[in-house]
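What follows is one structure encoded as structure tokens, with my remarks underneath.
Index from 1, following the sequence. Indexing begins at 1, ligand by ligand and atom by atom, following the structure's order. Any value given below was found using the heavy atoms of this structure, including those in side chains, with hydrogens, waters and symmetry copies removed.
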Amino acid sequence: MDARGGIGGNLAGLDLIAEINRLRKERNAVILAHYYQKPQIQDLADFVGDSLELSRKAAETDADVIAFCGVRFMAETAKILSPQKIVVLPDMDAGCSLEDSCPPGPFKAFREAHPDHMALSYINCSAEVKALSDIIVTSSSAETIIKQLPPEQKIIFGPDKHLGGYLARKLGREMLLWPGVCIVHESFSETELLKLKAQYPDAPIAAHPECPAYIVDHADYVGSTSGILNFAKTMPGDTLIVATEPHIIHQMELALPDKTFIGAPGGDGNCNCNVCPYMALNTLEKLYLALRDLQPRIEMDEELRIAAKRSLDRMLEMASSTVGKGDVGARA
Ligand code: 13P
Ligand code: SF4
């Protein structure tokens, strides 16, 4: 079996899955995984979820170690919320284009240029940007949170201009948008999506709100990864076109083996650009090593952690407990 992530993959004679299972018990570790992880990692995880659900799990767990199979801002969030735990990320290079698009210095200057605005930041940002923000949102909690703000409250929204633009259009609120994008969701092509729709005219389209408006406008449902998964479970018909990172289809196929899920193509239809290159850095081998060595570990300056926690705590307070099943909101 292929040592690079094949199911039951071996590394120098090791049964990685057995070793990971042994180490997670020895370390009293919980393995959290995002829906965009490789199937073999999702299958090993104690919990698979969207960004809000994973934050809640990280805040609640009584494990001593959190092995976070996702990207760095997610593992950082776990550390901010659970500072007494050891948080390991299998590959510390697992970043995010949205985080990269929003360096703290320019974001601080942007805030200072608009002192009468509140800063709402998408969770896909650094701890430093969280510390500069008033409230953090995820794609599943953003709408509920914005609706709780007085209509006259001016808002800066960063770093995702597509999510911000979608929320502004849907809620009829003007927001100043930071110009960041997710390189994965930005890669979907309207032409390719329409070709697919012509092939499957009865299949609804579910899209993540990180997609540009020219994709979201064709969607029957728009929501977070959990929201899309729930839509798949309740939709009429047996075929769904999925405009988000395609690894989420693994959970759909497990839950709904009789339905068909078709990933919307990226680029010209022939590239792999709808696969998140950052999420893909995590492998079974690296997860095994992270549990064995308790490295790479998230470490954070305590002053920064406390400052970043304020905006995350506000999200957890304002996101109703029913949210987290994922809705940015179904389109009418
Ligand atoms: P959600 O799982 O919260 O929808 O986020 C999607 C994403 O792109 C995470 O990086
Ligand atoms: Fe960042 Fe996009 Fe990858 Fe999510 S899918 S981690 S937003 S680059």
Which residue and heavy atom of the protein sit nearest atom 2 (Fe) of ligand 2, plus the separation = Cys182 SG, 2.3 Å

ask   = Would you call Tyr35 a ligand 1 contact, heavy-atom distance under 4.0 Å?
value = no

key: Numbered atoms and elements of ligand 1 in range of Asp50, under 4.0 angstrom, heavy atoms   = 1 (P), 2 (O), 3 (O)

inquiry  = If the cut-off is 4.0 Å to any non-hydrogen atom of Cys96, which atoms of ligand 2 fall inside it?
reply    = 1 (Fe), 6 (S), 7 (S)

message = For the CZ atom of Phe107 and the CD1 atom of Ile156, what is their distance to the nearest 0.5 Å?
response = 6.0 Å

query = Which atoms from ligand 2 have a heavy atom of Ser97 less than 4.0 Å away?
reply = 8 (S)

remark   = Quick look: Glu245 vs ligand 1, heavy-atom contacts under 4.0 Å, and the answer is neither

ask   = Do Thr138 and Ser51 have a side chain donor and acceptor closer than 3.5 Å?
value = no

ask   = Out of Ser311, Ser126, Ser133, which one pairs with Ser121 under the side-chain hydrogen bond (donor to acceptor under 3.5 Å, both in side chains) rule?
value = Ser133

task = Nearest heavy atom to atom 7 (S) of ligand 2 wins, so pick from Asn124, Ile183, Asn274.
result = Asn124

inquiry  = Heavy-atom pairs closer than 4.0 Å: do any link ligand 1 to the side chain of Thr225, the backbone, both, or neither?
reply    = both

ask   = Do Leu52 and Met315 have side chains that get closer than 4.5 Å, going by heavy atoms?
value = yes

task = With heavy atoms of Glu210 as the reference, note each atom of ligand 2 found under 4.0 Å away.
result = 2 (Fe), 7 (S)

request  = Answer yes or no: is there a donor N or O on one side and an acceptor on the other, between the side chain of Arg24 and the main chain of Asn21, under 3.5 Å?
outcome  = no

task = Identify the protein heavy atom lying closest to atom 3 (Fe) of ligand 2, giving its residue, its atom name and the separation to 0.1 Å.
result = Cys276 SG, 2.4 Å

note = For atom 6 (C) of ligand 1, the closest protein heavy atom turns out to be His208 NE2, 3.4 Å

key: Main-chain N/O of Ala119 paired with Asp134 side-chain donor or acceptor, under 3.5 Å   = yes

task = Could you check Tyr278, Phe73, Tyr122 and say which one makes a side-chain contact (heavy atoms from CB on, under 4.5 Å) with Glu99?
result = Phe73

ask   = Which of the atoms of ligand 2 are close to Leu98, meaning less than 4.0 Å from one of its heavy atoms?
value = 7 (S)

query = Distance-only, no hydrogens or angles: does the Gln42 side chain make a donor-acceptor pair with backbone N or O of Tyr35 under 3.5 Å?
reply = yes

request  = Below 4.0 angstrom from a heavy atom of Ser224, which ligand 1 atoms are there? Numbered from 1 as shown, please.
outcome  = 4 (O)

request  = Using atom types as modelled and distance alone, determine if a side-chain donor or acceptor of Lys79 lies under 3.5 Å from a backbone N or O of Lys85.
outcome  = yes

key: Lys57 backbone acceptor or donor facing Thr61 side chain under 3.5 Å   = no

message = Quick one: does any side-chain atom of Glu245 pair with a main-chain N or O of Cys276 as donor and acceptor, under 3.5 Å?
response = yes

request  = Consider ligand 2: state whether an atom of it lies below 4.0 angstrom from any non-hydrogen atom of Glu245.
outcome  = no

Atom 8 (O) of ligand 1 [closest protein heavy-atom partner, distance rounded to 0.1 Å] = Glu210 OE2, 3.0 Å

ask   = Tell me, which protein residue and heavy-atom name are nearest atom 9 (C) of ligand 1, and how many Å apart are they?
value = Met74 CE, 3.6 Å

request  = Report yes or no: does a heavy atom of His34 sit under 4.0 Å from some atom of ligand 1?
outcome  = yes

request  = Determine whether any heavy atom of Asn124 lies closer than 4.0 Å to an atom of ligand 1.
outcome  = yes

Backbone N/O of Ser189 and side chain of Glu192: donor-acceptor pair under 3.5 Å = no

Sub-4.0 Å atoms of ligand 1 with respect to non-hydrogen atoms of Ser139 = 1 (P), 3 (O), 4 (O)

message = How far is atom 3 (O) of ligand 1 from the closest protein heavy atom, and which atom is that?
response = Ser51 OG, 2.9 Å

message = Under a 3.5 Å distance rule, please check whether Arg111 uses its side chain to pair with a backbone N or O of Leu132 as donor and acceptor.
response = yes

query = Looking at Tyr36, which atoms of ligand 2 are within less than 4.0 Å of one of its heavy atoms?
reply = 5 (S)

query = For ligand 2, which atoms, with element, lie under 4.0 Å from some heavy atom of Tyr278?
reply = 8 (S)

inquiry  = Between ligand 1 and Ser140, can you find any atom pair, the residue atom being a heavy atom, that is separated by under 4.0 Å?
reply    = no

query = Is there a donor-acceptor pair closer than 3.5 Å between any side-chain N or O of Trp178 and the backbone N or O of Ser101?
reply = yes

